[in-house]
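In what follows, a single structure is set out as structure tokens and then discussed.
Note that ligands are numbered from 1 as they come in the structure, with each ligand's atoms numbered from 1 the same way.
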Amino acid sequence: MPPMRIEIVPDDATLASRAADAICEAVRQKPDAALGLPTGHTPILTYRELQLRQDAGEISFARATAWAIDEFADATRTTPGTNTVFYREHLRLNLGALHVPNPGAAGPTEHIRAFADALRRAGGLDLCVLGIGRNGHVAFNEPGSPVDAPARVVNLKAVSRAAHAATFGSLGRVPHRGMTLGMADILEARKILVLAHGAHKATVVAAAIEGPQTADIPASWLQVHDDVTWIIDDAAASALTRNAKQPRG
Ligand code: PGA
């Protein structure tokens, strides 16, 4: 297995620009690429950068499709804080299609299974972009998720709910359940790009990259994939030991 590539960048703007480079490259190579796209604070500047490049005519996403990697359950399509609302606000790209699970689905288990089946039938993800939660989650694969975890409904950990309190308006409004592509679905992507910034991610980034493969840190399962690139800022890279001396890309 080739080692994961680690690119350490000095600041948010460089992170966004390098991540946008990688996403644009995937779409240039395959204009109808299927992209898994995360939500959260981390990718917001990247999406803005993609929008700028699109609006400048440097790239077209018109044939590309985007797939959400997770969504809250027990909400509606207009509930502030849901990923549906996030994409509407932050992902201003003219995409061929954007597929997001319905946070108001009456049967979330069947709904997310059907969503993952539709993704598989469409050919799977060419590039899956991910963030990493403080507790090592990727999408809503919370600690305890095995490497072959399927798409499913999960009970969100307290730390994950707390991270979303502001966008939902209060902790009490954050749903207790989420729907997620499984580790298995994510690891089927042909390429994976993980983004992390900030000192609060340093410990978990080091565990995911340099620690053992374990369900305790679901992001550590990315080590089994043969085409993973991490783009992380200096602060998020500060607890790395083996990779600390790599030059910046
Ligand atoms: P963040 O979320 O980008 O808001 O830190 C990352 C995640 O939980 O996947």
Side-chain angles (χ1 to χ4, degrees), residues 9 11-16 18-20 22-23 35-50 66-73 80-87 89-91 100-101 103 125 127-145 149 151 154-169 171 174-183 185-187 189 192-209 216-222 228-239:
V9 297
D11 52 38
D12 284 358
T14 313
L15 193 153
R18 297 294 297 141
I23 295 166
L35 308 170
L37 295 182
T39 58
H41 298 104
T42 310
I44 290 177
L45 277 182
T46 298
Y47 296 157
R48 197 173 301 161
E49 177 66 25
L50 290 175
W67 296 75
I69 55 174
D70 56 13
E71 177 54 292
F72 291 90
T82 56
N83 296 346
T84 303
V85 169
F86 174 96
Y87 290 117
E89 284 176 359
H90 297 292
L91 188 69
V100 186
L125 296 173
L127 173 66
C128 187
V129 186
L130 298 170
I132 175 170
R134 260 171 206 257
N135 64 0
H137 72 217
V138 287
F140 278 148
N141 290 279
E142 294 279 32
S145 300
V154 294
N155 292 316
L156 301 175
K157 303 280 186 201
V159 63
S160 301
R161 291 187 62 243
H164 290 275
T167 48
F168 275 88
L171 181 59
V174 183
H176 287 263
R177 300 193 299 169
M179 298 174 276
T180 191
L181 290 181
M183 281 315 309
D185 304 296
I186 289 167
L187 291 169
I192 294 177
L193 176 66
V194 198
L195 311 178
H197 74 91
H200 62 298
K201 298 284 177 72
T203 309
V204 76
V205 163
I209 294 176
D216 294 341
I217 307 281
S220 69
W221 295 131
L222 301 174
V228 178
T229 302
W230 290 73
I231 304 180
I232 55 186
D233 72 355
D234 282 327
S238 58

I need the nearest protein heavy-atom contact for [atom]: residue, atom name and distance, please.
atom                   : value
atom 6 (C) of ligand 1 : Ile132 O, 3.6 Å
atom 8 (O) of ligand 1 : His137 NE2, 2.6 Å
atom 3 (O) of ligand 1 : Thr42 OG1, 2.5 Å

Item to check | Check: Phe72 ring centre within less than 6.0 Å of Phe140 ring centre | outcome: yes

Checklist entry - Between Glu49 and Ala20, which heavy-atom pair has the shortest distance, and what is it? => result CG-CB, 3.5 Å

Next on the checklist: For Arg134 and Val204: C-alpha separation, side-chain torsions, deciding distance, then whether side chain to side chain contact (heavy atoms under 4.5 Å, CB included) applies.
Outcome noted: CA-CA 6 Å; Arg134 260 171 206 257; Val204 76; 5.6 Å; no

Against heavy atoms of [X], which atoms of ligand 1 measure under 4.0 Å?
X      : result
Gly133 : 7 (C), 8 (O), 9 (O)
Lys201 : 1 (P), 5 (O), 6 (C)
Gly40  : 3 (O), 4 (O)

Checklist entry - Hey, mind stepping through Trp230 and Leu222 against side chain to side chain contact (heavy atoms under 4.5 Å, CB included) and telling me if it holds? => result CA-CA 10 Å; Trp230 290 73; Leu222 301 174; 4.2 Å; yes

Checklist entry - Can you tell which of Thr167, Ile44, Leu37 makes a side chain to side chain contact (heavy atoms under 4.5 Å, CB included) with Phe86? => result Ile44

Next on the checklist: Quick test of your reading of the structure: of Arg134, His200, His41, whose heavy atom lies closest to atom 4 (O) of ligand 1?
Outcome noted: His41

Checklist entry - Does NE2 belonging to His200 count more than 12 external heavy atoms closer than 6.0 Å? => result yes

